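The shown structure was predicted, so the numbers you read here are calculated from the model rather than taken from an experiment. In what follows, residues are counted from 1 in the order of the sequence shown.
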Amino acid sequence: MIDFRYHLVSLISVFLALAVGIALGAGPLEQSIGDTLTGQVEQLRTEKDELRVELDRTLAELGHAETAVDEMAPAMLADVLGERRVAVIEVADVQPEVLEAVVSRVEQAGGTVTGAVQVTEAWTDPAQQSFRQQIAGTLLEYLDPVPADDAGTGVELAEALVQSLTTADPASPDSRAETSELVVDVLVEAELITLDGEITGPADAVVVLGGPTVSIDEVEQAEAALESAPAEEAAEETERAELMLASALEISRAAQTRSVGAVVAGGALSDVSLVQRIRQDADAVAELTTVDGVQSVSGQVAVPLALSARIAGTVGHYGPGAGATDAMPPRVVLPTIERLASAPEDTGAEDEGSEEQEAEG
């Protein structure tokens, strides 16, 4: 049976052990422990300095590589788009300088950007689901083809947006159809999209720009903020991001179906980016062309190259990110497009623009 003497002996043993430890630490082991800790600190400081030097060297090499790509871009991009008209649809967060750079590279490739459209948060806001259903129902009568009855509101809105950017007036291929202008007006009025300038004409092809196209530091800050947020708030933010990704995928599929070719471009810094979501989807990866790292010069140059290859019939995934099939797209020079007004139905003639869409889409 354990008695008072047992507890007393145990306490004495504990205090003796503490006394011995203090004595050794202050005496014969003091120098040894201090030397060990000092050595470890010095080693960590040295490793940090070496990593900083290695990082600076890598960044310098990357800068040289980006400069080289920028200098070669005019030769790489010359005439590859053959005067195709391109619409840009922005989903998620896209920095203005990234949009400006992509537009510049499309023009450098012999293309023309007919307009840039930004999808707003209202496109996926759960609180506005009923409102979006009403808008989609209103727009269905202006769509041709009309989505299937069970397509869902997201698909209907995606079709409305893409068709409004790509549908030309049958009698005047350089002008947008009257219904296209009406659909855009409704989407803007409903605050589902915003326009970056005017839409100057119907697009032949589409570039979908999706985030993140931001720096690593910005991604890490956003992730840290999400981790520190209350559980309910974090869950809502995650749900909102998932809804936006699903809608962006619907828009991307509509863009490929209703144009001669589409490219989805975005950052390579997050597994939840639109590009990575497509590359993880067995059906989407076989249908849609993607470019990651679009915040870099090489990624921006890759966008029109990938677009010309997709119009020619090649599906690919380009950049440094996971799931990429090649670092850069092949150089495919498209013949200059010739657009003709649709002939009357009884002549049997066909619109050349339609022929290209069937052959190259």
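Under a cut-off of 6.0 angstrom, the local environment of CD in Glu189 is sparse, with at most 12 non-hydrogen atoms contributed by other residues, nucleotides or ligands. No more than 12 heavy atoms of other residues, nucleotides or ligands shown are found within 6.0 angstrom of CD on Glu198. Heavy atoms of other residues, nucleotides or ligands lying less than 6.0 angstrom from CD of Gln133 number more than 12.
Of the possible donor and acceptor atoms, none in the side chain of Thr290 sits under 3.5 Å from a partner among the backbone N and O of His317. Under the 3.5 Å distance criterion, the side-chain polar atoms of Ser175 are left unmatched by any main-chain donor or acceptor of Asp169. Between the side chain of Thr166 and the backbone N or O of Asp204, no donor-acceptor pair lies under 3.5 Å. Judged by distance alone, the side chain of Arg84 and the main-chain N or O of Gly111 form no donor-acceptor pair under 3.5 Å. Between the side chain of Ser296 and the backbone N or O of Gly293 there is at least one donor-acceptor pair closer than 3.5 Å. Of the possible donor and acceptor atoms, one in the side chain of Arg331 sits under 3.5 Å from a partner among the backbone N and O of Ala75.
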Side chains of residues 135-154: which donor-acceptor pairs under 3.5 Å do they make with residues two or more places apart or in other chains?
{"residue": "Thr138", "atom": "OG1", "partner": "Gln134", "partner atom": "O", "Å": "2.9"}

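Clustering ILVMFWY residues whenever any of their side-chain heavy atoms sit less than 4.5 angstrom apart, transitively, puts Leu288 in a cluster other than the one holding Val315. Under a hydrophobic clustering in which Ile, Leu, Val, Met, Phe, Trp and Tyr are joined whenever their side-chain heavy atoms come within less than 4.5 Å, directly or via other members, Met76 and Val103 fall into the same cluster. Hydrophobic cluster membership is shared by Val119 and Val186, with clusters built from Ile, Leu, Val, Met, Phe, Trp and Tyr side chains linked at under 4.5 angstrom.
When all heavy atoms of Arg279 and Ala322 are compared, the pair lying nearest together is NH1-O, 3.0 Å. In plain terms, the two heavy atoms of Pro173 and Pro202 that are nearest each other are O-CG, 3.5 Å.
Between the side chains of Arg253 and Gln256, no donor-acceptor pair is found at a separation under 3.5 Å.
Each of Thr289, Asp292, Val303, Val263 was compared with Tyr318 under the side chain to side chain contact (heavy atoms under 4.5 Å, CB included) criterion, and only Thr289 meets it. Across Val294, Val301, Val291, a single residue satisfies side chain to side chain contact (heavy atoms under 4.5 Å, CB included) together with Val102, and that is Val294. Across Val113, Val106, Val117, a single residue satisfies side chain to side chain contact (heavy atoms under 4.5 Å, CB included) together with Val88, and that is Val113. A side chain to side chain contact (heavy atoms under 4.5 Å, CB included) with Leu81 is found for one member of Val333, Leu307, Ile337, Val332 and no other, namely Leu307.
Every residue meeting the salt bridge (charged side-chain N to carboxylate O under 4.0 Å, His left out) condition with Glu159, not counting sequence neighbours, appears here in chain and number order: Arg258.
Looking only at side-chain heavy atoms (C-beta outward), Thr114 and Arg176 stay at 4.5 Å or farther from each other. Proximity of Ile89 to Val162: side-chain heavy atoms (C-beta onward) are separated by under 4.5 Å at one or more points. Residues Arg85 and Asp174 are in side-chain contact: their nearest non-hydrogen atoms beyond the backbone lie under 4.5 Å apart. In this structure, Val208 and Val206 have side chains that are in contact, with non-hydrogen atoms separated by less than 4.5 Å. Within the 4.5 Å cutoff, the side chain of Ser252 has heavy atoms near those of the Leu274 side chain. Side chains of Met328 and Leu305 form a contact here, defined as non-hydrogen atoms less than 4.5 Å apart.
Between the CZ atom of Arg277 and the CE atom of Met244 there is a distance of 13.0 Å, given to the nearest 0.5 Å. Here the OG atom belonging to Ser180 is positioned 9.0 Å from the CD1 atom belonging to Ile199, to the nearest 0.5 angstrom. From Glu107, atom CD reaches atom OG1 of Thr112 across 7.0 Å, with rounding to the nearest 0.5 Å. With values rounded to the nearest 0.5 angstrom, Ser247 atom OG is found 11.0 Å from Leu161 atom CG. The line from OG of Ser308 to CG of Asp79 is 11.0 Å long, rounded to the nearest 0.5 Å. Between the CD atom of Glu287 and the CZ atom of Arg310 there is a distance of 7.5 Å, given to the nearest 0.5 Å.
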Using the rule given for side-chain contact (heavy atoms from CB on, under 4.5 Å), can you reason through Arg132 versus Leu157, listing the C-alpha separation, both sets of side-chain angles and the distance that settles it, and then say yes or no?
CA-CA 8 Å; Arg132 288 196 299 274; Leu157 288 175; 3.9 Å; yes
